[in-house]
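Here the structure is a predicted model, which is why all the values come from computation and not from measurement. Chain naming here is simple, since letters A, B, ... match the order of the sequence lines and numbering starts at 1 in each.
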Number of protein chains: 2
Amino acid sequence: MGDTPGSTGIGSEPSLEEQIAAYQREFRDLDPQVEKIVSALSRLNRRMNVAYGRQTSALGISNAEWEVLKALVLSGAPYRMGPSELAKRLGLTPAAMTHRIDRMVAEGLVTRERDESNRVRVIVELTTEGREKWLEAMRLASVFEEDLLQDLSAEERTVLGEALTRLLRRVEHAQPDAGGRLTDLD
Amino acid sequence: MGDTPGSTGIGSEPSLEEQIAAYQREFRDLDPQVEKIVSALSRLNRRMNVAYGRQTSALGISNAEWEVLKALVLSGAPYRMGPSELAKRLGLTPAAMTHRIDRMVAEGLVTRERDESNRVRVIVELTTEGREKWLEAMRLASVFEEDLLQDLSAEERTVLGEALTRLLRRVEHAQPDAGGRLTDLD
DNA sequence: AAGATAAATTTCGAAGCTAAACAGTACACA
DNA sequence: TGTGTACTGTTTAGCTTCGAAATTTATCTT
């Protein structure tokens, strides 16, 4: 196992090899190959997140804000969603969603207005500035990703994409999806 | 790009395919294959973290606690570290480390005592209970992981492990590793 | 028109972190 | 032997973000 329910901290870590060796030492029945895959996956993901985080924070947006921008953009033009819809999508309570939207309105990333056709509802809409921030972050990220995968051959990319989606399907099938804190492995 | 600096929320998401299609629609210059790999990786990692989180929280330990347990176990017998060493390892300030250790001492996962040979230092040591919790979590995690990788052939495992470690090396090389909030892609 | 239902917000409080000040110990070096 | 300096860990105060529960406002049902 990677590291298991580890975390997201990035402090000074031992190398992947050292860590796997330590796992072998402390926990006998462990397949080194499985361990290698899971640990590498977890650690790779964490490093990528650090990179993304740097890029977005350079643009002045937090992760919480990024999530909202992403949800709105992916909903398609005209980039509108209700708070409760957003909350469900992001796994937050309505209260937390209200707070987030407050901040984002103050920063000009979204607007909030009542739906005139049903005045109980509220419409959160992406501003031009919000959309441009998202686009800029995507540009940075796509460059980073192309660069990251540079060394992989076309065939390797195919196998990798195929294997990962197969694993994903398996996890999504098996998961009843309940509570449980999140974190990063490794 | 996966989703980019996304987050860790697990709300109700669109399927991977739908999401990739949305990315294509909203952001033109994007290699679908790269996108597929990065998104699957990110999403897979998140789902796995949910599974791990459920397992550890069933054992009554938080992610923060898990990190500390892991660092201590991997340091090897006699499972002792100083707070500042732990803080550096986990990427926390000393103050935050003090708080975490407070909680874990109260729960009997670790002990804290002064180093008699150098009374400025403090020694945090894993208790038997702490070690057993770690072992139990590892047992659960390793079962989960074996099950997850079940479908992959020996050859696929080799290719996957190799490709992931290569990507990891590339990221670790390129990363000056500065601030930047973390999160999960996708 | 009177509930019943639903959406969003407000209020209050909890968790977890950081920065900065503080306290205690060890070591260098006159 | 004393004194300054450096280092560890803790304390204090404050910030950010979230959640639970109560509250407000609007809609729907009958």
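- A distance of 9.5 Å separates CE in B:Met138 from CG in A:Asp29, rounded to the nearest 0.5 Å.
- Mapping A:Val120 and B:Arg121 onto DNA chain D by nearest heavy atom places B:Arg121 at the nucleotide closer to the 5' end.
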Candidate pair B:Glu13 and A:Arg89, rule side-chain contact (heavy atoms from CB on, under 4.5 Å), full reasoning: CA-CA 6 Å; B:Glu13 297 177 308; A:Arg89 175 83 176 63; 4.1 Å; yes

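- Residue A:Asn118 is classed as a sugar-phosphate contact, given heavy-atom separations below 4.0 Å to backbone atoms only.
- Here A:Thr98 lies in heavy-atom contact (under 4.0 Å) with a base.
- For the pair B:Ile123 and A:Ala96, both in contact range of DNA chain D, the more 5′-proximal nearest nucleotide belongs to B:Ile123.
- There is a path of hydrophobic side-chain contacts, each under 4.5 Å, that joins A:Val73 to A:Leu135.
- With a cutoff of under 4.0 Å to any heavy atom of chain A, the contacted region of DNA chain D is bounded 5' to 3' by D:dT17 to D:dT27.
- A:Glu129 meets the salt bridge (charged side-chain N to carboxylate O under 4.0 Å, His left out) test with no other residue; sequence neighbours excluded.
- A donor-acceptor contact shorter than 3.5 Å is absent between the side chain of B:Glu136 and the backbone of B:Lys133.
- A:Ala95 comes within 4.0 angstrom of a base, heavy atoms only.
- Read 5' to 3', the first and last nucleotides of DNA chain C with an atom closer than 4.0 Å to a heavy atom of chain A are C:dA7 to C:dT11.
- Residues that satisfy the side-chain hydrogen bond (donor to acceptor under 3.5 Å, both in side chains) test with B:Gln150, not counting sequence neighbours, are A:Arg170.
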Derivation of the side-chain hydrogen bond (donor to acceptor under 3.5 Å, both in side chains) call for B:Tyr79 and A:Glu26: CA-CA 11 Å; B:Tyr79 311 118; A:Glu26 300 294 333; 2.6 Å; yes

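- In the hydrophobic clustering of ILVMFWY residues, with side-chain heavy atoms under 4.5 Å counting as a link, B:Val171 and A:Ile20 come out together.
- Among the protein residues, A:Pro94 comes within range of the nucleic acid bases, having at least one heavy atom under 4.0 Å from a base atom.
- Among the heavy atoms of the strands, none lies under 4.0 Å from B:Arg114.
- The minimum heavy-atom distance linking B:Arg25 with A:Leu74 is given by the pair NH2-O, 3.1 Å.
- Sorted by first and then second residue, the salt bridge (Lys or Arg N to Asp or Glu O under 4.0 Å) pairs involving residues 107-121 of chain B (not counting sequence neighbours) are B:Asp102-B:Arg112, B:Glu116-B:Arg119.
- Distance OH/A:Tyr52 to OG/A:Ser57: 14.5 Å, rounded to 0.5 Å.
- Between the axis at the start and the axis at the end of the helix from C:dA1-D:dT30 to C:dA30-D:dT1 there is an angle of 0°, using five pairs per end and rounding to 10 degrees.
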